[in-house]
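Chain naming here is simple, since letters A, B, ... match the order of the sequence lines and numbering starts at 1 in each. The figures that follow rest on heavy atoms only: side chains count, while hydrogens, waters and symmetry mates do not. Given the structure is predicted, the values throughout are model-derived calculations rather than measurements.
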Amino acid sequence: MDGPENRAAAERPSETSTPPPDPLFEQHLREALNEAQYRAVTADEGPHLVIAGAGTGKTRALTHRVAWLVQRGIRPESILLLTFTRRASQEMLRRATGLLDERCRRVSGGTFHSFANLILRRYAERLDFHPRFTILDRTDAVDLVGIVRSEAGYAGQGKRFPRSDTLVDLFSKHVNTQAPFTDLLEQDMPQFLDDLGAIEDLFGRYRRRKQEQNVLDYDDLLLLLRDLLRHHTEVRQELAARYRHVLVDEFQDTNRLQAHISALLASVHRNIMAVGDDAQSIYGFRGATVRNILDFSKIFPGAEITKLEQNYRSTQPILDLGNGVLRSAKEGIGKELFSDLDEGEIPTLVRTPDDHGQAEFVARRILELREEGVPLSEIAVLARAAWHTAELELELQQRNIPFRKFGGIRFVEAAHIKDVCALLKLTANPFDGPAWFRALQLLEGIGPKTARAITDHVIERDGDVRVLVQPKLTSRRYGNELSSLSDLLQRASADSVGVSARLEQVLDAYSPWMERKYDDANQRRNDFDSLAVIAGRYAEVESFLADLAIDPPDFGRGGPSDDQEDEWVTLSTVHSAKGLEWHAVFILQMNAGRFPSFQSLGKEADYEEERRLLYVAVTRAKRYLYLMKPEEVGNRYRSYEVGELSPLLGDIRDLRSLVSEHVHVPGQELLQGDATVPAHDDSAQLQRIEDYFAD
DNA sequence: GGGAATGCGTTTTTT
DNA sequence: ACGCATTCCC
């Protein structure tokens with residue numbers, strides 16, 4: 001516990017507060033860490049950059065660092081651990097607690113976005129906005145941009161104009177990279193260069209609208225935190241003094257804003273430890289830049305740099321392939337991973353006739369692996385895009401192999417969850433335009449036009465829900481439904497109504513609307529149990545909603561209540577697999593245009609990011625690795641195309657010596673067959689004929 | 001006028 | 001499957 005003596009001791013200056021090192025703990029560190037890890041963990045004060053290759057014990061180093069600092073008498077609350085997901089930070093603190101004691105749980109931490117959310121609510125008045133802001137997730141942002149887009153009337157004049165979701169991506173990239181729209185358009189969509197003026201105008205409208213409605217999108221969280229720290233000296237000093245040590249994980253995937261924020265937070269004590277791997281930078285599309293790593297010493301002169309190169313995860317043959325992928329890269333801090341685990345199978349490149357053959361091979365190999373004693377939890381199937389696993393999902397279902405899917409459509413993005421959240425948001429922030437817009441369209445007879453008009457009207461009247469029952473509106477055919485909405489919001493908005501009760505009231509009112517809107521309402525209703533469980537953990541509806549937007553629960557469709565099984569295979573996008581590892585890994589669709597995605601072809605920077613993405617995928621595997629290559633791949637809609645082998649593999653010198661090639665014919669033995677089996681059979685053609693004549 | 005139905009074209013990755 | 005424009009109907 002944090003007794004008064006404890007606190008007093010911790011707050012004394014470092015020279016006097018550092019207790020003598022505990023010899024037992026010291027000995028544990030020596031045994032548990034290699035030379036480089038030990039140096040990073042026990043480093044003195046001052047800026048420090050740790051370059052940690054895949055599987056080199058980066059998490060291990062960070063958790064030991066936290067434990068070491070706490071053991072040396074640093075107050076846990078004055079350590080700030082910024083991570084990529086909240087799960088990562090919780091896991092690290094759990095492990096640090098295991099190393100030392102409960103004090104480690106009190107370390108401050110989370111994602112940049114959740115940290116920003118916390119700080120901004122605390123200091124909102126200094127930035128001149130209301131602390132009860134709500135957060136727009138991507139869908140909300142797209143809706144709001146859609147509204148200003150149609151209001152402004154740039155679209156629909158015979159000429160192609162960027163869609164709302166394209167605009168949201170563009171705006172986000174503009175904020176995160178701080179690059180002018182002209183440059184971004186030139187790079188990514190030169191066909192819209194004519195519309196530069198219109199785009200800039202829409203960006204301004206969107207910003208103003210957010211301000212009026214007291215809502216922040218993801219980028220605003222970072223932007224406003226940066227500005228708070230930059231322009232409010234006393235706040236910066238207060239925070240930078242409070243955090244004696246700042247630790248930043250996955251530094252290669254931070255953008256300019258995040259690097260700036262980190263630097264400002266460390267501006268007083270200059271104790272920043274950034275950990276990352278330039279070879280694993282895969283969020284360039286979100287503005288992340290390896291420059292943050294490369295220029296670290298420019299921001300913090302005299303920074304110490306430690307490289308972790310010994311890999312403890314994978315066998316040498318898997319690392320050889322990973323190194324091969326990296327060697328074909330255009331640039332990067334040279335590094336070559338090595339492992340003690342020499343034994344191991346060489347990765348397999350499996351050629352199948354088509355998508356279905358690919359799914360069949362993967363499913364059957366999973367069953368074999370389970371027979372051999374590999375638990376399902378140690379098996380993962382990775383893909384470049386979420387929809388690449390569609391065929392496999394069917395196959396796994398048919399064979400009763402339990403799986404969970406990560407990446408792609410998430411629980412909170414399902415339409416009915418968004419509806420409920422919109423209603424809840426209105427109980428917290430009656431200015432939230434996107435929430436009004438969505439909620440109002442639930443009512444029969446209200447479409448986009450009417451919803452917009454009523455939204456504007458309510459916001460003009462300071463969010464007073466009683467305007468919904470003005471005679472002018474109640475006389476319309478949707479008048480009765482408007483009154484029920486107004487009733488609901490008045491009842492549920494009272495501060496005295498707890499989170500669970502509020503959700504219950506919202507769900508009751510939502511029920512009839514849901515039945516009208518969805519054919520499968522009953523199925524969707526199951527998800528509300530999961531939502532209620534999560535809501536029960538919160539005391540304030542604002543924090544519940546903020547977490548749903550910033551740290552969404554990471555179970556896929558169906559939710560945790562579906563999980564009778566405690567053993568399942570992981571299906572994941574490569575992005576969502578970051579930082580994780582499995583005994584056996586399959587990578588799907590190693591075809592040109594799939595992995596790498598066709599959008600990246602011809603754009604060097606994007607193509608290089610695809611290469612790093614493959615590097616991340618390959619280095620997730622501990623022991624078995626299968627690269628799947630269907631000869632023909634199905635388009636979203638039934639047509640087939642012959643797929644060339646992924647150029648990412650083609651780029652690798654000596655690929656033949658790094659992988660063993662296997663041709664799989666559906667229905668035959670898996671790996672016993674040899675490569676003399678003809679590469680083509682007629683099953684794909686037969687399937688096409690079947691499909692064509694089916695109608 | 002505007003909501004609902006229809007049809008066409010596009011679809012990577014995520015806090 | 002979804003966004004957006006167009007057409008159809010109250």
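Considering only residues two or more places apart in sequence or on other chains, A:T455 meets the side chain to side chain contact (heavy atoms under 4.5 Å, CB included) condition with A:W436, A:F437, A:L440, A:I459. Residues satisfying the ring-ring contact (aromatic ring centres under 6.0 Å, His included) criterion with A:Y243, sequence neighbours excluded, are A:F115. Partners of A:N480 according to the side chain to side chain contact (heavy atoms under 4.5 Å, CB included) rule, which considers only residues two or more places apart in sequence or in another chain, do not exist here. Looking at residues two or more places apart in sequence or on another chain, you find no ring-ring contact (aromatic ring centres under 6.0 Å, His included) involving A:Y607. The ring-ring contact (aromatic ring centres under 6.0 Å, His included) check on A:F595 picks up nothing, with sequence neighbours excluded.
When the P atom of B:dT14 is taken as reference, atom CZ of A:F406 falls 13 Å away, rounded to whole Å. Rounded to whole Å, the distance from CG on A:D220 to P on B:dT15 is 17 Å. What separates CG of A:L442 from C1' of B:dA4 is a distance of 16 Å, to the nearest Å. Atom CZ of A:F598 and atom P of B:dT13 are 11 Å apart (whole Å). For the pair A:R477 CZ and C:dC10 C1', the interatomic distance rounds to 8 Å; values are reported in whole Å. The distance between atom CD of A:E250 and atom P of B:dT13, rounded to the nearest whole Å, is 19 Å. Taking atom CG of A:D169 as the reference point, atom P of B:dT11 lies 11 Å away to the nearest angstrom. Rounded to an integer number of Å, the gap from A:L440 CG to B:dG2 P is 15 Å.
In this structure the side chain of A:I272 never reaches within 4.5 angstrom of the side chain of A:L247, judged on heavy atoms. Contact annotation: the side chain of A:D137 approaches that of A:D140 to within less than 4.5 Å [non-hydrogen atoms, C-beta and beyond].
Nearer the 5' end of DNA chain B, as judged by each residue's closest nucleotide, is the contact made by A:E444, out of A:E444 and A:A385. Judged by closest nucleotide on DNA chain B, A:K449 is the one of A:K449 and A:I550 placed further toward the 5' end.
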Any protein N or O atoms within reach of nucleotides 2-4 of chain C? Criterion: under 3.5 Å, listing atom names and distances.
unit_1 : atom_1 : unit_2 : atom_2 : d
C:dC4  : OP1    : A:S164 : N      : 2.6
C:dC4  : OP1    : A:S164 : OG     : 3.0

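At B:dT15, none of the side-chain N or O atoms of A:T85 fall inside 4.0 Å of OP1 or OP2 (strictly under the cut-off). The side chain of A:S576 places an N or O atom within less than 4.0 Å of a non-bridging phosphate oxygen (OP1 or OP2) of B:dT14.
As judged by a 4.0 angstrom heavy-atom cut-off over every strand, A:Y283 is placed among residues touching the sugar-phosphate backbone only.
Between A:F285 and B:dT13, a base-stacking contact is recorded: ring centres under 5.5 Å apart, planes less than 30° from parallel.
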